[in-house]
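Notes follow once the structure below has been shown.
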Amino acid sequence: MKILLIEDEPELRKSIKHYLHQEGYVVESVADFIKASEKTSDYDYDCVLVDITLPNGNGLDIIRQLKQNNSKAGIIIISAKNSTTDKIQGLDLGADDYLAKPFDLAELNSRIKALIRRRNFEGNSSIVANEITIIPDERAVKVNDELVNLTGKEYDLLLFFISNKNRVVSKNSIAEHLWGDDSDQMDSHDFIYVHLRNLRKKLSEKGCTDYVQTIYGIGYNFKLSS
Amino acid sequence: MKLISKTLLYYLLISLPLLLIAGAFSYYLINDELRDGTDESLRREQHKAEQVIDTFAQPHTLFLTTDSTAFIQPVQQQRLPSGYLDTLIYDKEEEEYVNFRMLRTYYTFKQQLYQITILKTTIEEEELMEGILSSFTLILGFLLIAFIIVNWLLAKKLWSPFHKTLAVLNAYDIKNHEQHSFNPVNTIEFNQLNDALTKMMEKIYLDYQQQKEFTENAAHELQTPLAVIKASAELLMQSSNLKEEEMNRLQVIDNTIKKMASLNKGLLLLSKIENNQFKEQEAVSFKQLVTKTIDSYADLLETKQLKLHLKMDADLVVNMDPALADILMSNLLQNAIRHNHIGGNITIELRDKQLFISNSGEALRISVNDLFVRFKKNDASKDSLGLGLSIVKGIVDSYGFGISYGYVEDLHQFCVSF
């Protein structure tokens with residue numbers, strides 16, 4: 001899995017690269033428009049993460065260029081601007097997703113995974129994690145081939161956990177993933193607790209191991225490997 | 001006091017004493033002339049009387065006039081001083097005292113001393129004087145009235161550019177800066193005033209623009225550093241050997257970043273609203289909007305066990321940007337949820353051109369005037385940013401809608417009038 005990261009802020013570039021590297025991706029990164037333009041025309045990527053405001057150019061032009069070259073890469077815009085016009089323009093040009101800074105790495109990771117899944121299997125994919133099988137197209141979850149009846153939020157939570165398996169995911173990341181912009185309006189940590197409790201109960205009723213570890217003070221870790 | 005009234009008052013204050021002095025002066029001048037005239041005629045009479053005495057054969061009293069006002073009388077010695085003097089004589093017919101001018105002289109003829117007394121009434125002179133005075137007063141009064149009217153008309157005409165300038169200033173709204181300009185006038189001073197004001201307004205507008213841009217730029221520029229901190233914190237969380245204390249620190253960092261990001265988002269939204277960057281117009285059904293917003297806050301409503309009362313018999317359709325309508329409704333609902341107590345009530349009511357939303361909750365601790373001011377929080381300890389209602393106000397203001405607040409029977413009531 002090859003990812004191109006186009007981001008001019010060096011520390012952010014390093015962090016994203018590091019995180020995605022741990023996920024097993026091959027990540028190449030460039031800091032400006034010219035290098036980005038060279039890379040995208042010379043190589044094929046599965047996914048391109050592009051910042052809109054770049055030294056000597058606009059990230060939207062990279063998207064145009066990718067589309068002109070009939071690139072199959074999934075495109076995620078990461079922008080500090082969070083402007084609706086940019087978002088609409090980017091998506092119109094053919095970007096697949098839009099993430100406003102500051103974002104959670106866990107969120108970025110889950111978006112990349114969802115994007116790659118959609119691209120590679122054109123919908124016929126399922127995610128397997130030991131006895132758990134998720135069929136994203138149907139938003140269905142099976143444990144040992146037995147269907148588990150989850151609510152929307154519980155499903156989203158489980159998918160988010162599995163996308164970021166073996167990683168510490170903060171409660172804030174989860175809240176933002178589940179409730180988006182509204183997450184700062186509520187005592188979201190209590191909600192997460194309620195949804196998680198129900199999810200755990202439903203999974204264990206079907207004989208599923210409880211993989212969710214509580215990391216004191218911060219969040220949770222969905223630990224699949226020993 | 002109006003400028004014109006002030007000017008006139010000062011003119012009057014200065015001109016009245018001047019006119020009085022001038023009047024008094026001319027009165028004495030004319031009076032003097034008239035008296036000189038009277039005295040002259042008295043002297044002529046005296047000469048005539050002396051000629052009459054020269055014809056006397058023997059001394060006797062002679063009345064020169066029928067009304068006994070001039071007579072020659074032989075006397076032994078000069079008992080009374082000779083010369084002119086004013087006197088009052090009782091007029092039997094008119095039954096009043098009348099002013100007379102008298103000349104008394106002595107004349108010696110054939111060793112006999114004669115006293116010549118000539119009296120002349122000054123009624124004519126007085127009447128003449130009265131006539132002069134009243135015509136003088138009339139002219140002055142007329143001049144004064146004409147002066148006031150002319151001044152008033154002139155002031156009205158001369159100051160009209162000033163009033164136009166004032167009207168422009170009163171109508172000035174910094175958000176519609178382009179719509180204001182002064183028409184050139186032909187008075188140099190007012191042109192200078194307009195020029196100075198134009199310059200000042202340009203400067204204010206520029207500062208205002210920069211201020212707005214600053215908020216927007218600052219919020220923008222902070223996003224990337226925040227992203228760096230956030231990513232670093234997240235990576236740090238992945239370390240396997242963190243102690244509890246370190247975890248807690250990380251949690252604090254994570255929460256603070258989240259709060260800062262929300263603040264930035266709120267400020268950006270506010271400046272976008274103020275810069276009129278939401279330009280779409282759509283007929284927004286508030287009935288649908290309320291239902292949709294309630295759905296997305298179902299979790300919250302449930303947790304706080306809030307009872308929701310909806311009175312939406314008639315739909316309320318408003319032409320506005322759908323994104324802003326969304327933000328308006330969710331901010332109002334969030335506010336009603338946040339400042340409510342467990343098991344409280346929320347009422348949403350749609351009426352003709354009005355949206356009511358009320359919730360139970362403690363009375364405000366801050367002033368009602370501060371309610372819509374950014375960063376003014378009723379409860380500093382609460383996890384609120386203090387931007388929600390400023391955003392609501394920003395949206396309402398940008399469309400010229402109205403919003404009012406009241407606290408009645410333990411209920412916070414907001415009313416948006418479209």
Side-chain angles (χ1 to χ4, degrees), chain A residues 7-19 22 51 53 78-85 99-109 153 164 166-173 175-176 178-192 194-195 215-219 221, chain B residues 219-240 242 244-252 254-255 257-266 268-269 272 277-278 280 296-297 299-300 302-304 323 327 330-331 333-335 337-338 383-385 388:
Chain A
E7 164 63 56
D8 58 324
E9 163 57 43
E11 287 306 325
L12 189 60
R13 202 165 60 234
K14 266 192 238 168
S15 299
I16 296 173
K17 206 171 164 181
H18 185 79
Y19 196 94
Q22 285 182 344
D51 189 1
T53 37
I78 42 173
S79 170
K81 271 174 114 179
N82 193 17
S83 92
T84 332
T85 23
L99 209 53
K101 286 180 192 172
F103 49 80
D104 292 288
L105 293 176
E107 182 66 33
L108 176 66
N109 185 31
K153 288 274 185 285
N164 291 291
N166 301 322
R167 281 184 176 281
V168 178
V169 182
S170 77
K171 286 179 203 160
N172 285 335
S173 303
E176 220 159 300
L178 293 186
W179 290 285
D181 282 355
D182 296 331
S183 67
D184 42 328
Q185 291 303 327
M186 36 178 117
D187 306 318
S188 45
H189 295 186
D190 297 339
F191 292 128
I192 295 169
V194 173
H195 289 301
I215 309 296
Y216 183 81
I218 297 180
N221 189 346
Chain B
H220 260 154
E221 291 305 316
L222 281 172
Q223 302 286 60
T224 307
L226 273 176
V228 173
I229 305 173
K230 193 166 185 161
S232 302
E234 233 181 311
L235 285 178
L236 203 56
M237 276 175 210
Q238 311 305 327
S239 309
S240 51
L242 287 178
E244 197 179 308
E245 173 65 18
E246 291 160 344
M247 300 261 202
N248 284 336
R249 291 275 143 242
L250 271 176
Q251 170 81 359
V252 171
D254 200 49
N255 287 343
I257 297 166
K258 185 177 169 167
K259 198 164 178 177
M260 271 190 80
S262 309
L263 260 179
N264 261 347
K265 217 167 58 191
L268 269 174
L269 181 62
K272 275 181 194 162
Q277 286 175 13
F278 292 89
E280 264 182 68
S296 57
Y297 288 96
D299 267 348
L300 256 160
E302 204 179 309
T303 321
K304 272 201 149 176
I327 295 166
S330 37
N331 277 352
L333 187 62
Q334 275 166 24
N335 188 70
I337 296 172
R338 187 192 294 278
D383 216 17
S384 152
L385 295 173

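Chain naming here is simple, since letters A, B, ... match the order of the sequence lines and numbering starts at 1 in each.
For chain B, the nearby part of A:I215 is the side chain; its heavy atoms alone come within less than 4.5 Å. Heavy atoms of B:L250 lying under 4.5 Å from chain A belong exclusively to its side chain. Both the backbone and the side chain of A:D104 have a heavy atom closer than 4.5 Å to some heavy atom of chain B. Neither the backbone nor the side chain of B:N264 comes within less than 4.5 Å of any heavy atom in chain A.
For the options B:E244, B:E234, B:E221, B:M247, heavy-atom pairs under 4.5 Å to chain A are most numerous at B:E234. Listed options A:E9, A:R167, A:K153 were ranked by heavy-atom pairs under 4.5 angstrom with chain B; first place goes to A:R167.
Once rounded to the nearest 0.5 Å, the distance linking CG of B:L235 with CD of A:Q22 reads 7.0 Å. Note that NZ of A:K171 is 5.5 Å distant from CD of B:Q251, once rounded to the nearest 0.5 Å. To the nearest 0.5 Å, atoms CD (B:E245) and OH (A:Y216) are separated by 10.5 Å. Summarising the geometry, atom CE belonging to B:M237 is positioned 9.5 Å from atom CG belonging to A:L105; distances are rounded to the nearest 0.5 Å. For the atom pair OG1 (B:T224) and CG (A:D51), the distance works out to 6.5 Å, reported to the nearest 0.5 Å.
Under the rule for a salt bridge (charged side-chain N to carboxylate O under 4.0 Å, His left out), the partners of A:E11 that lie at least two apart in sequence or sit in another chain are A:K14. Partners of A:N109 by side-chain contact (heavy atoms from CB on, under 4.5 Å), not counting sequence neighbours, listed by chain and number: A:Y19, A:L20, A:E23, A:Y25, A:K113, A:N164.
By the 4.5 Å heavy-atom criterion applied to side chains, B:D254 and A:I218 are not counted as neighbours.
Across every non-hydrogen atom of B:Q223 and A:A80, the tightest pair is CG-O, 3.5 Å. Of all heavy-atom pairs spanning A:L12 and B:A231, the tightest one is CD1-CB, 4.0 Å. A:S15 approaches B:S232 most closely through the heavy-atom pair OG-OG, 4.0 Å.
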